[in-house]
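Working notes for the structure below.
Every value quoted in this text rests on a predicted model; they were computed, and no experiment measured them. Labels below follow one simple rule: chain letters A, B, ... track the order of the sequence lines, proteins then strands, and each chain is numbered from 1.
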2 protein chains.
Amino acid sequence: MTKRKDEIYSDKEINLSEYAKALSHPARIAILKHLASQDRCICGEIVEILPLAQSTVSQHLKELKKAKLITGEIDGPRSCYCINKEKYIEMMELMDSLSSLIVKMKSDNKKGCC
Amino acid sequence: MTKRKDEIYSDKEINLSEYAKALSHPARIAILKHLASQDRCICGEIVEILPLAQSTVSQHLKELKKAKLITGEIDGPRSCYCINKEKYIEMMELMDSLSSLIVKMKSDNKKGCC
DNA sequence: TCCTTTTATCGTATGTTTACGATAAAAGTC
DNA sequence: GACTTTTATCGTAAACATACGATAAAAGGA
């Protein structure tokens, strides 16, 4: 790459793309769903519900943490994770602002456009 | 990978992850925004607004088309693209259904959880 | 102190993504 | 038919993602 992304794209575009990347693997969506149903849970619990190695699950958790969609805290020998609701809401606002541009469009492109 | 994704994850999880992957690059978000503002446009127009090679833009358009978020039609020597509103709405419904699980959560995780 | 449990990180293999330039293909114009 | 315009595809290099097993590290219990 010859230019940095932040020279090319707006902050909003970059932020939304980073949130989207966090959701771009079904394992990470499954993790979010589980966390939503449990409020919080430890890594081992997620390892049990997914047919993935513990190291792989840990890697996915790291990705979600990097995107700030979850928080993680050490709790004795365990690690306790939960959803960062605020960031999740921020992501949805970015999604919705792109969405509103699209939903507002006049055209009714049922089959193609041109 | 030892198991196929569709043996592990639900259809909804896979669909949402595929839509999210399509949004996981800022260039593709910029393309969607441009298409939303123009209703339709040809590939060359997008090449002009992004500092990327024509072949790279074409590749991003292909990704968006693969995710069905845009449609493309040949129009003489040109290619005309526009947003597939229906699929976009489907994506937002999947986002919202994950979202509603999270927003409904009782806990107020301002700083961590455990 | 040693053992167990739990999780993160390392090393690594394999596959995917992203970028580019070069080229091919499709269609209109001269 | 030759030339131009426009776009897709090919080839390729570099970077990133995803999976695993092995290992390290942190903390509690015997």
Side-chain angles (χ1 to χ4, degrees), chain A residues 1-5 7-9 13-14 17-31 35 40-67 70-82 112-114, chain B residues 1-9 13-14 17-18 20-31 35 40-67 70-82 112-114:
Chain A
M1 238 179 297
T2 171
K3 281 193 178 189
R4 291 199 322 273
K5 281 190 177 174
E7 293 175 321
I8 300 179
Y9 307 107
E13 285 164 354
I14 292 172
S17 71
E18 284 170 354
Y19 283 129
K21 184 180 275 178
L23 300 189
S24 74
H25 195 291
R28 292 196 287 268
I29 292 176
I31 290 170
L35 283 174
R40 62 179 58 80
C41 77
I42 60 167
C43 171
E45 208 178 304
I46 297 164
V47 172
E48 272 173 18
I49 62 162
L50 291 175
L52 295 172
Q54 177 269 324
S55 55
T56 305
V57 169
S58 201
Q59 226 173 335
H60 283 304
L61 287 166
K62 199 178 173 183
E63 285 298 305
L64 287 169
K65 217 170 150 182
K66 196 175 92 190
I70 65 174
T71 56
E73 279 178 30
I74 291 163
D75 169 31
R78 280 163 238 92
S79 256
C80 182
Y81 287 97
C82 54
C113 49
C114 305
Chain B
M1 240 178 294
T2 171
K3 281 193 176 189
R4 290 198 323 273
K5 282 191 177 172
D6 65 352
E7 293 175 319
I8 300 179
Y9 306 107
E13 285 163 353
I14 291 172
S17 72
E18 284 169 354
K21 185 181 275 180
L23 300 189
S24 73
H25 195 291
R28 293 195 287 268
I29 292 176
I31 289 170
L35 283 174
R40 62 180 57 81
C41 75
I42 60 167
C43 172
E45 207 178 304
I46 297 164
V47 172
E48 272 173 19
I49 61 162
L50 291 175
L52 295 172
Q54 178 269 323
S55 54
T56 304
V57 170
S58 199
Q59 227 173 333
H60 283 304
L61 287 166
K62 198 178 175 185
E63 285 298 306
L64 287 168
K65 217 170 152 183
K66 196 177 92 189
I70 66 174
T71 56
E73 279 178 30
I74 292 164
D75 169 30
R78 282 164 236 92
S79 256
C80 182
Y81 287 96
C82 55
C113 50
C114 303

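- What you find for A:Y81 and A:L35 is that their closest heavy atoms are O-CD2, 3.4 Å.
- Across all strands shown, A:I74 has no heavy atoms under 4.0 Å from either base or sugar-phosphate atoms.
- Considering only residues two or more places apart in sequence or on other chains, B:E45 meets the side-chain hydrogen bond (donor to acceptor under 3.5 Å, both in side chains) condition with B:H34.
- Between the CZ atom of A:R4 and the P atom of D:dA15 there is a distance of 17 Å, given to the nearest Å.
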Only pairs under 3.5 Å count here: list side-chain donor-acceptor contacts from residues 17-29 of chain A, not counting sequence neighbours, and write none if there are none.
residue, atom, partner, partner atom, Å
A:S17, OG, A:E13, O, 3.3
A:S17, OG, A:I14, O, 2.8
A:Y19, OH, A:E90, OE2, 2.9
A:S24, OG, A:K21, O, 2.7
A:H25, ND1, A:A27, N, 3.0
A:R28, NE, A:A22, O, 2.8
A:R28, NH1, A:H60, ND1, 3.0
A:R28, NH2, A:K21, O, 3.2

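- What separates NE2 of A:H25 from C1' of C:dT17 is a distance of 14 Å, to the nearest Å.
- For the pair A:E73 CD and D:dA26 P, the interatomic distance rounds to 18 Å; values are reported in whole Å.
- Between the NZ atom of A:K21 and the P atom of D:dA15 there is a distance of 15 Å, given to the nearest Å.
- Regarding A:L52, its CG atom lies at a distance of 17 Å from the P atom of D:dA17, rounded to whole Å.
- Taking atom NE2 of A:H60 as the reference point, atom C1' of D:dT18 lies 6 Å away to the nearest angstrom.
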Protein within reach of the bases, or only the backbone? For nucleotides 6-11 of chain D, mark each nucleotide 5' to 3' as B, S or -, using heavy atoms under 4.0 Å.
BBBB--

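- A:I49 CD1: more than 12 foreign heavy atoms inside a 6.0 Å radius.
- In terms of heavy atoms, B:I46 sits closest to B:V57 at CG2-CG1, 3.7 Å.
- Looking at heavy atoms from C-beta onward, A:Q54 lies in side-chain contact with A:S58 at the 4.5 angstrom threshold.
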